[in-house]
Amino acid sequence: MEYNYREVEQKWRQFWEDNKTFKTEINHSKPKYYVMDMFPYPSGAGLHVGHPLGYIASDIIARYKRLKGFNVLHPMGFDSFGLPAEQYAIQTGQHPAITTEENIATYIRQLKQIGFSYDWSREVRTSDPNYYKWTQWIFMQLFNHYYDKDENKALKISDLIIRFAESGNKVVNAVCDEDTEIFTAEEWNGMTEHQQQSLLLKYRLTYPDESVVNWCPGLKAVLANDEIKDGVSERGGFPVEQRKMKQWAMRITAYADRLIDGLNEVDWSDSMKDQQRNWIGRSTGASVRFAVDTILDKVNTPPFIEVFTTRVDTIYGVSFMVIAPELESVPFLTTPEQKEAVEEYVKWVASRTELDRMSEVKKVSGVFTGSYVINPFNDEKVPIYLADYVLAGYGTGAVMGVPSGDQRDWNFAKHFNLPIVPILDAQKEMDVQADNTKEGKYINSGIINGLDYKEATKVLTQFLEEKAIGKGKIQYRLRNAVFSRQRYWGEPVPVYFKGGSGGEPLPYLIEESELPLTLPVIDKYLPTDTGEPPLGRAEGWKYKGEYEYELSTMPGWAGSSWYWYRYMDAQNATEFASQESINYWKAVDLYIGGSEHATGHLLYSRFWNKFLKDLGLVPEEEFAKKLINQGMISGRSNFVYCIIVTNGLKPANTDIYVPISYYLKYENGDLSTQDFQELISETHGTDFLEKSINPMFKIIRLRVNVDFVDNDILDIEKYKEHFNEAKFILEDGKYTCGWEVEKMSKSKYNVVNPDILVDKVGADTLRLYEMFLGPLEQAKPWNTNGIDGSFRFIKKAWRLFYDDLGTFKVKDEAPTPAELKVLHTAIKKVEEDLERYSFNTVVSTLMICVNDLGSLKCSKKAILQDLVILMSPYTPHIAEELWTILGNEAGTISYANFPKFNPSYLVEANFEYPISINGKVRANISFPTDALPADIEAGVLANEVVQKWLEGKVPKKVIVVLKRIVNVVP
RNA sequence: GCCCGGAUGGCGGAAUUGGUAGACGCGCUGGUCUCAAACACCAGUGUCUUCAUUGGCAUGCCGGUUCGACUCCGGCUCCGGGUACCA
């Protein structure tokens, strides 16, 4: 009896659904385990075979942990706000909610047929008002908190107000806007409500910010840096420009240090942690003020220029100062003589695109402003230049130029003939390049001459602080995160604007009791005629019928920054999740998803989690203890090779497909017209071509839908259903397609649909095969060719239970030592490999076990029962079937006990030692397992093969590694 | 440029702390079954040499440490990912 996977798999999926087999509840008698996938955006294209890779791995761990006695939380949901549904709405007028609903239905159907053990009752959708109510609620908490640097946590704005009223803001050590001025309690108390609210915005963890943003006119959206690749939008490839815009921002920089420090306590890959560290970009240094010497405008010329440097010790090597051309102070630092040159340079810089700048990194450009600053350490006059290698957005937008120690400064100095002053005696070859060494003693360096790096830095920092011209400082590359999209399909921001005493309108939160603030109905999903976001179209959409709501929506990352908590208590109507559930499940033990979220989702999520922890709402500082990044699965395209004849061919509409070998010959120019004629005559008869005409032809390579191809062999009948005029020149009776690894995409006809594979070989085979492809974290091309091996494994396992005639052959006899050894070898290896997430090697182990039991003709229930449990995380359907066939209660295998490994079954009386002579294995000799090294050595030396290789000499050395190897050194 | 990975048969990959390199699977070759095919099963399959035994060479390249290196160290080459004038 052949195993009927279609019927069996369908039966068990239905059983799991009907019996809620994987419904999870809080259970304090068991240890908890939380394993979660990065939830998908439900795109219209559905799942391809690459998507479930990580889901299969996490499901295997979930099932394994259940067998190990854990109470497992394993949910799935949908990140269902996003651009594609809205783009579709713009084109068709269909509400994005409908599109999203349909796509989710497809996803659920596809996911369910792979047999995942999700607790579907906990499913979440970020676009569901019952969900985004709490996204809005968290936003409100961010608005109501500021970051206190003394307490090193977020505190209530209401407390801040009390402190301001009592003692002003001088005593408050909080994260706030750079331009926040100092005020006293008296001044605060004298302010109007509008002035106070205006000031508080400089402290709130989320606030409206006039900022330069990446505006994408093609998508009519502001994009985050990580949504831009090579100067164009990642989605759609539209150009991106810089534009000033009022945006909501999140003060993520307040958490910069904790975001870096927290990386030490999570088990993530080094590459992932490094990406986050680099993105945050903490550099330790000092700020130094250089007094401006050339006061050109008493009001507008700044009295000093502040720079940030990581190398204060090089301060005596400063020979120029460079400021970013975009700085507002530039005109007031430019002398009349230099005005023209400076204006021209500023204009030129402004005209250049991101791409220009990036491609010309090595070119030196700049201009002298005509004015000077004074180096506070040696009172020397230092010329101020403009150059575009200094970025307005980082630090103060000004840099002290130390050509001896910094290569860019060195290039600049060479170009403008500025002095290059050595400052350390260890600096070398300074006429060729800069030397950034910290070795040696200082020279030409005033108060630090003769000191070393450590001493000098201390002396200089002290000097800076005494004279109040600078201080030790930490600078970050991380910017505050933009939190607005000028789009419809996102969470409305629960804010309205109210003016006051003639000032500009300021944002106020709606009441918590008014949540969720749901998306209003609009007629079209485009910006208004006045350029406002689509929400501007909603008629009468005003708070209390009076105040303008915020018209932009939240960005894509809002809903995904806290969803793991909602799974804990998905239906809760009064809290984002109950404290009971949060304190039980705590944090995600294993999180699986793509590495592309390193600087987006994973950073924002860690930020929100830390914020929620500060509020005492969640117990853990880090939300994902262990992270695995599954590798991208690329596609494998198939090709056919078609001859196009421009004259001399009849009938005209026939397409002739030739084998790849002809194509390669043609490509090399080795296929002559005569060859071609012979070739065609051979297969199509001599009358196929007009003899009188010399045919013109070329061979072109066409992508063929991979669904028409099996093991690179084309299914010609299927192909002809679509191209019925096709004629094929066959080799060995078949047509073999060419192939190439490319991105998996519809346009390349190489999308492999899991539905088709589930139908062809079953979900168990698909699960097994995806894991067998290679290490989970490694990027790899999809290749359906090997799937037969996994399918065979399933059938072989079935045959341990039924013979060819379909007779059930399992017996209740006692297992033999050989059978127990095979089983326990597998138990040990499966357990060890799953504990280290080596999913692919577990498949080999199961195959070896089934092969060996087959060779032993083992059909003992005691053995097979444990084997079925070992298989069940990978192939749950057949495992359920066999489990019940063996007489167990249906649906109970998921909560069975993982077999206990017994090492005594693996103990052997003898060990066969490989005997290597000078590192090369020459013989194998068996010794009792407990033999002593001296006995083994004697035995080895007595062996005739060893004797032969020693040629009668006494060996220099004999190394015996017990239970491993013997090496004889002649 | 900088940071992080990686390179092993025709192919995907295995070798967990330095201890028999190539597990497992695909593909291929030969065979059994069949009228035939498919399925299934059996045998072989790194490479060179040899009738065979045997032996030589093999984990991107060069060198080192070691009784012993795919594994550790130094120097390269190529490939993938991230990032970009961050002062």
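What's counted below: heavy atoms across the whole structure, side chains too, no hydrogens, waters or symmetry copies. In what follows, every chain begins at residue 1, and chains take the letters A, B, ... in the order their sequences are listed.
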Find the distance [X]:[atom1] to [N]:[atom2] and express it as a whole number of Å.
{"X": "Lys796(A)", "N": "C24(B)", "atom1": "NZ", "atom2": "P", "answer": "10 Å"}
{"X": "Arg311(A)", "N": "C86(B)", "atom1": "CZ", "atom2": "P", "answer": "15 Å"}
{"X": "His597(A)", "N": "G81(B)", "atom1": "NE2", "atom2": "C1'", "answer": "15 Å"}
{"X": "Asn436(A)", "N": "C85(B)", "atom1": "CG", "atom2": "P", "answer": "18 Å"}
{"X": "Leu846(A)", "N": "A23(B)", "atom1": "CG", "atom2": "C1'", "answer": "14 Å"}
{"X": "Gln475(A)", "N": "C85(B)", "atom1": "CD", "atom2": "C1'", "answer": "16 Å"}
{"X": "Phe839(A)", "N": "C24(B)", "atom1": "CZ", "atom2": "C1'", "answer": "18 Å"}
{"X": "Arg277(A)", "N": "G82(B)", "atom1": "CZ", "atom2": "C1'", "answer": "15 Å"}

Testing the 3.5 Å rule here: is there a donor-acceptor pair between the side chains of [X] and [Y]?
{"X": "Asn480(A)", "Y": "Thr253(A)", "result": "yes"}
{"X": "Thr841(A)", "Y": "Asp833(A)", "result": "yes"}
{"X": "Asn750(A)", "Y": "Ser637(A)", "result": "yes"}

For the [atom1] atoms, the ones on [N] and on [M], what distance do you get once it is rounded to whole angstrom?
{"N": "U8(B)", "M": "G46(B)", "atom1": "C1'", "answer": "10 Å"}
{"N": "G63(B)", "M": "G12(B)", "atom1": "C1'", "answer": "32 Å"}
{"N": "U59(B)", "M": "A69(B)", "atom1": "P", "answer": "11 Å"}
{"N": "C78(B)", "M": "G60(B)", "atom1": "C1'", "answer": "8 Å"}
{"N": "A15(B)", "M": "U29(B)", "atom1": "P", "answer": "30 Å"}
{"N": "C33(B)", "M": "A40(B)", "atom1": "C1'", "answer": "9 Å"}
{"N": "C24(B)", "M": "G9(B)", "atom1": "C1'", "answer": "14 Å"}
{"N": "C67(B)", "M": "G81(B)", "atom1": "C1'", "answer": "40 Å"}

Identify whether the distance between the nearest side-chain nitrogen and carboxylate oxygen of Arg277(A) and Asp274(A) falls below 4.0 Å.
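A salt bridge links Arg277(A) with Asp274(A).
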Residue closer to the 5' end of RNA chain B, Tyr394(A) versus Val843(A) (nearest nucleotide)
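Result: Val843(A).
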Along RNA chain B (nearest heavy atom to each residue), the more 5'-positioned of Asn278(A) and Asn851(A):
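Looking at RNA chain B, the more 5' nearest nucleotide goes with Asn278(A).
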Quick one: look up who [N] pairs with, Watson-Crick or G-U, both distances under 3.5 Å, and put none if it's unpaired.
{"N": "A7(B)", "answer": "U77(B)"}
{"N": "A15(B)", "answer": "none"}
{"N": "G46(B)", "answer": "C57(B)"}
{"N": "C72(B)", "answer": "G64(B)"}
{"N": "A52(B)", "answer": "none"}
{"N": "A40(B)", "answer": "U32(B)"}
{"N": "C2(B)", "answer": "G82(B)"}

Using the rule ring pair (Phe, Tyr, Trp, His ring centres under 6.0 Å), only one of Tyr5(A), Tyr769(A), Phe772(A) pairs with Phe791(A); which is it?
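Exactly one pass, corresponding to Tyr5(A).
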Report yes if some heavy atom in the side chain of Leu766(A) is under 4.5 Å from a heavy atom in the side chain of Val49(A); otherwise report no.
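Heavy-atom side-chain distance check passes, below 4.5 Å.
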Given [options], which nucleotide is nearest the side-chain atoms of [X]?
{"X": "Arg799(A)", "options": "C67(B), C41(B), G5(B)", "value": "C41(B)"}
{"X": "Asp270(A)", "options": "G5(B), C67(B), C24(B)", "value": "G5(B)"}
{"X": "Arg477(A)", "options": "G5(B), A84(B), G25(B)", "value": "A84(B)"}
{"X": "Thr310(A)", "options": "A87(B), G27(B), G5(B)", "value": "A87(B)"}

Just checking [X]: base, sugar-phosphate only, or nothing, at a heavy-atom cut-off of under 4.0 Å?
{"X": "Ser844(A)", "result": "base"}
{"X": "Arg922(A)", "result": "sugar-phosphate"}
{"X": "Lys956(A)", "result": "nothing"}
{"X": "Arg792(A)", "result": "sugar-phosphate"}

Which way is the base of G44(B) turned, syn or anti, if we draw the line at 90° from 0?
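Nucleotide G44(B) adopts anti.
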To the nearest 0.5 Å, what is the distance between CZ on Phe793(A) and OG on Ser844(A)?
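OG of Ser844(A) is found 10.5 Å from CZ of Phe793(A).
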Check against side chain to side chain contact (heavy atoms under 4.5 Å, CB included), Val966(A) and Ile925(A):
CA-CA 10 Å; Val966(A) 178; Ile925(A) 309 174; over 6 Å; no
Counting only heavy atoms from other residues, nucleotides and ligands, does the tally under 6.0 Å from NZ of Lys920(A) exceed 12?
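Open.
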Report, as a single string ordered 5' to 3', how protein heavy atoms within less than 4.0 Å touch nucleotides 9-20 of chain B: B base, S sugar-phosphate only, - not at all.
---BSSSBB-BB
Distance to the ring centre below 6.0 angstrom and angle to the axis at most 45 degrees; does that hold for Arg408(A) and Tyr389(A)?
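Not flagged: Arg408(A) not positioned over aromatic ring of Tyr389(A).
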